[in-house]
Every structure is written in structure tokens, then in C-alpha cells.
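Report on one structure; see the data block that follows.
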Amino acid sequence: MGFIINLLLFIIILGSIVLVHEFGHFIFAKMTGVYVYEFAIGMGPKLWSKQGKETEYTIRAIPIGGFCMMAGEDVEDDDLKKVPKDKRLQSKKPWQRFLIMFFGAGNNFIFAVLLLFLIGLIWGGSSMEPIVTSVLKNSAAATSGIEVGDRILEINGHSISTTDDISLYLAVADPDGASDIKVEKEDDSVEVYSVQPKKKKVDGETTYQYGIGMQQEVQHGIFPALKFTAKKTVSIFKQMGITVLYLFTGGISISQLSGPVGIFSIVGDQSAAGIMNIIYLIAFLSINVGFINLLPLPAFDGGHILFIIIEKIKGSPVRPETENMIHTVGLFLLMLLMVVITFNDILRLF
């Protein structure tokens with residue numbers, strides 16, 4: 001029964017994120033007069049479809065992904081279906097195409113902000129102040145000299161402004177080496193401690209423990225909710241930026257990334273923790289999806305935006321056939337990456 005509930009939650013979470021993303025493309029395509037063949041949630045065979053005046057609306061069997069198929073993405077198909085050239089994507093002005101491509105991710109960001117505000121409004125907004133509220137006895141932090149009440153200022157030279165920053169920079173730190181943690185003591189003096197995490201086995205997995213606790217103060221009301229929403233949104237964007245940077249520089253390996261299987265296992269953990277955690281997971285993943293889609297890589301929305309920028313620089317558009325071919329190759333490589341990530345997710349389950 002628990003598996004079925006988690007599976008349904010998984011479908012709802014991914015489905016809502018994809019729906020919001022694709023609707024962003026769809027609504028701006030319609031607003032700018034681009035012909036939309038199909039608006040689909042899911043991939044694979046059709047489970048349900050409804051033909052509108054112009055667009056076919058479908059739900060497909062595999063609840064991962066989705067698409068908004070617009071005229072201009074396949075030139076031959078446009079010709080066969082005799083779509084007027086003024087209703088094709090490439091006929092639109094650069095700013096119109098930018099809006100169409102951007103607002104898939106843009107909708108994800110708006111969706112996430114609304115969910116985070118909802119959390120702050122109902123359950124209260126946490127302060128996110130990087131102040132140590134507990135230190136585990138005989139832990140690495142306790143041994144080094146870190147105390148309750150210390151405000152963490154830097155970790156390995158990186159400025160710390162929230163509790164999320166602490167988790168982020170400790171996660172990307174070399175676990176086999178000591179981390180330099182700069183703190184401000186309660187008497188306003190500043191100290192730097194070298195903290196070597198203790199290696200422990202938890203459920204068969206190796207973990208590195210510092211022994212620092214950060215119990216956050218929770219405030220209720222509209223203004224604390226707005227403050228929490230702003231800080232948490234910026235924090236998640238920062239996490240994504242640092243993660244992508246470390247991924248490209250080798251600080252994080254592909255084996256550490258999670259795909260649908262990994263997300264499914266996280267859904268089970270979060271559902272046990274309550275509805276607030278589920279809502280936060282949706283917001284977190286929505287920002288992740290939006291951020292990744294804006295990377296200037298083929299097959300991503302950011303790749304399409306890159307071609308729009310190239311067009312503005314060179315003064316003429318890239319041939320649609322050439323751009324489509326590049327995006328097709330990019331999509332193939334993306335699918336290959338997803339296979340590798342999914343394989344790693346499965347290995348972590350055993």
C-alpha cells in the first residue's frame with residue numbers, strides 16, 4: 001500500500017511540475033500566434049486525448065516528461081500539414097520566441113515561489129540564520145571547539161548567510177580532508193576551526209558527520225512568509241548554480257546525480273515526514289527543472305534561447321533544419337545521460 005501511495009505522489013509531483021512547465025510554453029505560443037499541434041503530459045502511448053480547434057490535448061502512459069509540440073520544430077511536418085508560415089515558430093520575432101522558450105522555466109519559478117509562500121503562510125517561515133543551536137558530544141565540531149551560539153561566517157572561504165549554505169558547502173567539501181569553518185562567537189570574536197568529519201556507516205552507506213545542529217526559529221504571518229520565500233528561493237537558486245558549477249569542474253561526479261528513480265525514493269522519505277515536506281519537494285524540484293532547462297545546451301530551452309541570441313548577433317537566423325538537427329543530437333545525448341543516472345539510482349537501491 002505504501003508503494004502505491006508513493007507511486008501516486010511521484011506521478012502527481014512530476015506531473016504538476018511538467019504541466020506548469022509546458023503550460024508556460026503553450027500559453028505564450030498561443031499568445032504570439034504559433035500553431036501548437038499537441039500539448040501532452042507524459043510520454044509514450046496516448047491514454048487520453050481531446051482535439052481542440054487547433055491543438056490536440058493528450059495524457060500519455062509514462063508519467064515522466066511532457067511536451068508542447070509547436071509548428072516550426074519540424075519543418076517537413078509543417079509543410080505536410082500545410083501550416084501557414086506566419087504561424088510557425090521561426091517566423092516570430094526574436095523577443096516572441098524568447099518569451100515562448102523562457103516561460104517554461106519561468107512558470108516553474110513562479111510555481112515554486114507560490115508554493116514556498118504557501119509553506120511560510122501555513123507552517124511559518126524559518127529564520128535560516130546560520131547559528132549553531134546544538135553540538136553533538138564528542139563529535140568533530142565539539143572536538144574542534146565549535147560551540148552553541150556560534151554564527152558560521154565562512155566554510156572553506158565561502159561566505160555563509162543561511163543554514164542552506166552550510167549544508168551546501170559541507171556537501172561539496174572534500175570529506176577526506178578537514179574543512180575550515182570561520183565562526184563569530186557570542187562575544188563578537190572571530191575564530192577559525194579546522195573540522196575533520198567523522199566517517200560512519202548508516203544503513204550500509206558511508207556518511208560524514210560534523211555534529212552541528214541548526215534548530216531554526218519559525219515565525220508566522222505574511223511578512224515572515226514573504227521573507228522566508230525570498231531567502232529560500234535565492235538559496236535554492238544558489239544551490240543549483242554551485243551544483244552545476246561543481247559538476248562541470250569535476251567537484252561533483254555524474255554518479256552523485258539523481259533521476260526519476262532517485263526522486264521516487266526521496267518521495268517516500270518526504271511523504272512520511274508530512275504534507276509540508278511534499279510541497280517543499282515540489283517547489284525545490286520545480287526550480288531545479290526550470291534552472292536546468294535554461295542551461296544553454298542543445299535540446300534544452302536555454303539551447304533554443306542561445307540560438308535566438310546568435311541570430312541577434314549575426315543578424316540572420318540559423319537555418320531551422322540545422323538548429324533542429326543540433327537539438328536532436330542534444331536530445332539523444334540527454335537521453336543517454338538519463339540512462340546512466342537511472343542506472344546509478346538503481347545501484348544505490350541495493
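Here the structure is a predicted model, which is why all the values come from computation and not from measurement.
- Side-chain contact check for L153 versus I160: every heavy-atom pair is 4.5 Å or farther apart.
- Two residues are said to be in side-chain contact when any heavy atoms from C-beta on lie closer than 4.5 Å; L99 and T32 fail this criterion.
- Atom OG in S161 sits 7.0 Å away from atom NZ in K231 (nearest 0.5 Å).
- The environment of CD in Q215 is sparse: at most 12 heavy-atom neighbours from other residues, nucleotides or ligands sit within 6.0 Å.
- V83 is listed as a side-chain neighbour of Y37, based on a closest heavy-atom distance under 4.5 Å.
- There is no path of hydrophobic side-chain contacts, each under 4.5 Å, that joins Y208 to I181.
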Residues 108-132, side-chain donor-acceptor partners within the protein, below 3.5 Å, at least two apart:
{"from": "N108", "atom 1": "OD1", "to": "H21", "atom 2": "ND1", "distance (Å)": "2.7"}
{"from": "N108", "atom 1": "ND2", "to": "I17", "atom 2": "O", "distance (Å)": "3.3"}
{"from": "N108", "atom 1": "ND2", "to": "S286", "atom 2": "OG", "distance (Å)": "3.2"}
{"from": "S126", "atom 1": "OG", "to": "Q216", "atom 2": "OE1", "distance (Å)": "3.1"}
{"from": "E129", "atom 1": "OE1", "to": "R151", "atom 2": "NH1", "distance (Å)": "3.0"}
{"from": "E129", "atom 1": "OE1", "to": "R151", "atom 2": "NH2", "distance (Å)": "3.0"}

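- Considering only heavy atoms from C-beta on, V135 stays 4.5 Å or farther from I212 through its side chain.
- Surrounding NZ of K227 are at most 12 heavy atoms belonging to other residues, nucleotides or ligands under 6.0 Å away.
- Between Q196 and A140, the shortest heavy-atom contact is O-CB, 3.1 Å.
- One hydrophobic cluster holds both V148 and Y210 under the rule that ILVMFWY side chains link at heavy-atom gaps under 4.5 Å.
- Remark: L136 CG to T143 OG1 distance equals 10.0 Å, nearest 0.5 Å.
- For F223, the ring pair (Phe, Tyr, Trp, His ring centres under 6.0 Å) test picks out no residue, with sequence neighbours left out.
- By the ring pair (Phe, Tyr, Trp, His ring centres under 6.0 Å) test, Y193 is found to be paired with no residue, residues two or more places apart in sequence or in another chain being considered.
- For the atom pair CE of M70 and CZ of R88, the computed distance is 14.5 Å after rounding to the nearest 0.5 Å.
- Taking the side chain as every heavy atom from C-beta outward, F28 and V34 never approach each other to under 4.5 Å.
- Heavy-atom minimum distance, V195 versus S144: CG2-OG, 3.5 Å.
- With E184 contributing its side chain and V190 its backbone, the two residues share no donor-acceptor pair below 3.5 Å.
- Checked by atom type, the side-chain pair E38/T58 shows a donor-acceptor distance below 3.5 Å.
- A salt bridge is defined here as a Lys NZ or Arg NE, NH1 or NH2 lying under 4.0 Å from an Asp or Glu carboxylate O, and E191 with K185 fails to meet this definition.
- Of the possible donor and acceptor atoms, none in the side chain of T55 sits under 3.5 Å from a partner among the backbone N and O of G52.
- Side-chain contact between F103 and I27: absent, with no pair of heavy atoms (C-beta onward) separated by less than 4.5 Å.
- Under a hydrophobic clustering in which Ile, Leu, Val, Met, Phe, Trp and Tyr are joined whenever their side-chain heavy atoms come within less than 4.5 Å, directly or via other members, V289 and V244 fall into the same cluster.
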Name each donor-acceptor pair under 3.5 Å that joins a side chain in residues 43-50 to protein atoms two or more places apart or in another chain, with its distance.
{"from": "K46", "atom 1": "NZ", "to": "E56", "atom 2": "OE1", "distance (Å)": "3.0"}
{"from": "K46", "atom 1": "NZ", "to": "E56", "atom 2": "OE2", "distance (Å)": "2.9"}

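- In plain terms, the two heavy atoms of A105 and L294 that are nearest each other are CB-CG, 3.6 Å.
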Assess whether side chain to side chain donor-acceptor pair (under 3.5 Å) is satisfied between H25 and D301, documenting all intermediate values.
CA-CA 10 Å; H25 292 314; D301 297 335; 3.1 Å; yes
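- Here F228 pairs with nothing under the ring pair (Phe, Tyr, Trp, His ring centres under 6.0 Å) rule; sequence neighbours left out.
- Side-chain N or O atoms of N107 include none that pairs as donor or acceptor with a backbone N or O of G104 at under 3.5 Å.
- Atom CG of N288 and atom CD1 of I236 lie 7.5 Å apart (nearest 0.5 Å).
- Here the rule is salt bridge (Lys or Arg N to Asp or Glu O under 4.0 Å) with E311, and of K93, K92, R97 only R97 fits it.
- The pair D164-K232 counts as a salt bridge, with a side-chain nitrogen and a carboxylate oxygen less than 4.0 angstrom apart.
- Under the 3.5 Å distance criterion, the side-chain polar atoms of N293 are left unmatched by any main-chain donor or acceptor of G290.
- Looking at residues two or more places apart in sequence or on another chain, you find a ring pair (Phe, Tyr, Trp, His ring centres under 6.0 Å) between Y169 and H158.
- For the atom pair OH of Y57 and CD of Q51, the computed distance is 9.0 Å after rounding to the nearest 0.5 Å.
- Residues E147 and E186 are not in side-chain contact: their nearest non-hydrogen atoms beyond the backbone lie 4.5 Å or more apart.
- By the rule that hydrophobic residues join a cluster once side-chain heavy atoms approach within less than 4.5 Å of another member, M240 and V234 end up as members of separate clusters.
- Between the CG atom of L14 and the CD1 atom of I282 there is a distance of 9.5 Å, given to the nearest 0.5 Å.
- Aromatic ring orientation, F39 versus F26: tilted (interplanar angle from 30° to 60°).
- For the pair C68 and E22, the minimum side-chain heavy-atom distance is below 4.5 Å.
- In the hydrophobic clustering of this structure, F284 groups with L19; members are Ile, Leu, Val, Met, Phe, Trp, Tyr whose side-chain heavy atoms approach within less than 4.5 Å, directly or through other members.
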